[in-house]
Protein chains: 2
Amino acid sequence: MLTISILVNNQATVPIAKENSVKDNNDMPGHLARRFQQIAVAVFLAEVGEAGFDLTPVQYAALATIKANPGLDQVTLAGLIAYDRTTITGVIDRLVQKGLIERRASPRDRRARELEITDEGRRTLRKITPAVESAQRIMLRGLNAREGEELMRLLRKAIAAGNELSRAPLRQTEA
Amino acid sequence: MLTISILVNNQATVPIAKENSVKDNNDMPGHLARRFQQIAVAVFLAEVGEAGFDLTPVQYAALATIKANPGLDQVTLAGLIAYDRTTITGVIDRLVQKGLIERRASPRDRRARELEITDEGRRTLRKITPAVESAQRIMLRGLNAREGEELMRLLRKAIAAGNELSRAPLRQTEA
DNA sequence: TGCTGATAGTCAGCATACTGAGCAATATCA
DNA sequence: TGATATTGCTCAGTATGCTGACTATCAGCA
């Protein structure tokens, strides 16, 4: 039974029995997914914050997608970036509250809301772009260019295969 | 200007201008991180739920780590699985409430709480293991064995390089 | 046309995660 | 020893994400 020890409180020692876990955390894709996402969000917020903006990754993705698809409704937006429709409500609320987008009833379907980016939103998106791109580089800084590409390829492949397994699958319904 | 279209509400067509975004979402590691984590959590909950248990990925990791390191305190636990210390409080609360662990004041340091798994917790951990392992396989089902290994290797490498960038870095302080 | 099922959006409730603040206790060092 | 810094934990507040339920509206079909 392999046993190593760690310092607890810089004071006492507690036995660490790695083989007690069925698998090491580092062999669990789920654990690695959580860690990578945790770092990605922290890096994004740090870079964007340093640039003087207060936008979360989720808000950024929504804003960029609304700009690229003027007048789209919330369900379509959710499908394009794989958000849950119940999450979108709050995200949209905050973007409206910040003056970056407008939400208005659709004339075609009174259930739906059409989303439109404002000039302020467009300005923000333009000025925030360098920070967002910098963040993407920083979260891959441990990998060389080829490794970064390979990581993204494998993530895309795994995600495509698991798309329908989450409540908020990607819906890139092209006509 | 390349323009494609999508169906909105199965009714009208809205132009989709992909080149308007500086980058496609699929070229953003941050976006891929969120998607992969989203799927990983959904798969975990589905598998564990089907097995008849009500444990989140975070609760599972904490429980397994407490079992492997009896008597450890919350800060050490947080460091071993890279949770924020303010998040741990609630997670521990729920594990205690479910009767899976016990939390008691440390005799050595009256600020600290020592965590111990209960028999019930041990039983749960043992019975839940197949579902957890199945979940790890399912979230990689789009990749072959070599690709799965490579994805985990690259994630580990990127995570190691970014470890200090999040508020809750891994603290595997080995003596 | 009128019924039925589906859809768009919201809401309540719960569980991560984080920021920032605060309290109690311990460690450090003059 | 005593002042100061640090540490362990908690809490309030905010933002994702999810489940499940609900309302309003629309679509499809007898």
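Each chain gets a letter, A, B and so on, in the order the sequences are listed, and its residues count up from 1.
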Any Lys/Arg nitrogen of A:Glu116 or A:Arg122 sitting under 4.0 Å from an Asp/Glu carboxylate oxygen of the other? no
Test: A:Glu147 and B:Arg153 ion pair at under 4.0 Å: yes
Provide, to the nearest angstrom, the distance between the CG atom belonging to A:Leu55 and the P atom belonging to C:dC18. 19 Å
Within this structure, what is the CD-to-P distance between A:Gln74 and C:dT7, rounded to whole angstrom? 17 Å
Tell me the interatomic distance from B:Glu114, atom CD, to D:dC9, atom C1', rounded to whole angstroms. 15 Å
Specify the separation, in whole Å, of atom CD1 of A:Ile81 and atom P of D:dG17. 10 Å
Any B:Arg108 side-chain N or O less than 4.0 Å from OP1/OP2 of C:dT26: no
A:Gln37 CD to D:dG17 C1', in whole Å, measures 11 Å
Taking NZ, NE, NH1 and NH2 as the nitrogens, is one of them in B:Arg146 or B:Glu149 under 4.0 Å from a carboxylate oxygen of the other? no
Nearest-Å distance, CD1 (B:Ile92) to P (C:dA17)? 14 Å
Hey, does the side chain of B:Gln59 come within less than 4.0 Å of C:dT16's phosphate (OP1/OP2), counting only N and O? yes
Presence of A:Gln97 side-chain N/O under 4.0 Å of D:dT14 phosphate oxygens OP1/OP2: no
Please tell me which of B:Ser166 and B:Pro107 maps to the more 5' nucleotide of DNA chain C, matching each residue to the nucleotide holding its nearest heavy atom. B:Ser166
Is A:Arg94 close enough to D:dT16 that one of its side-chain N or O atoms is under 4.0 Å from OP1 or OP2 there? yes
Nearest to side-chain heavy atoms of B:Arg167, which nucleotide of C:dC18, D:dC9, D:dG17: C:dC18
Between B:Asp27 and A:Arg156, is the closest basic N to carboxylate O distance under 4.0 Å? yes
Of the nucleotides D:dG17, C:dA15, D:dG8, which has the atom closest to the B:Asp109 side chain? D:dG8
Is the closest basic N to carboxylate O distance between B:Arg123 and B:Glu120 below 4.0 Å? yes
Phosphate contact (C:dA17 OP1 or OP2) by A:Arg35 side-chain N/O below 4.0 Å: no
Under 4.0 Å from any atom of DNA chain D, heavy atoms only: list the residues of residues 82-91 of chain B that qualify, in numerical order. B:Arg85, B:Thr86, B:Thr89
Select one nucleotide: of C:dT10, D:dT16, D:dG17, the one nearest the side-chain heavy atoms of A:Arg103. C:dT10
d(NZ, A:Lys98; P, D:dT14) in whole Å: 13 Å
Salt bridge check: are B:Glu114 and B:Arg103 linked by an N-O gap of less than 4.0 Å? no
What nucleotide, of C:dA25, C:dT7, C:dC18, holds the atom closest to the side chain of A:Arg111? C:dT7
Can you check the B:Tyr60 OH to C:dT16 C1' distance for me, whole Å? 19 Å
Would you mind classifying the nucleic acid contact of A:Ala168 as base, sugar-phosphate or nothing, using non-hydrogen atoms under 4.0 angstrom? sugar-phosphate
Between B:Arg35 and B:Gln38, do the side chains contain a donor N or O and an acceptor N or O under 3.5 Å apart? yes
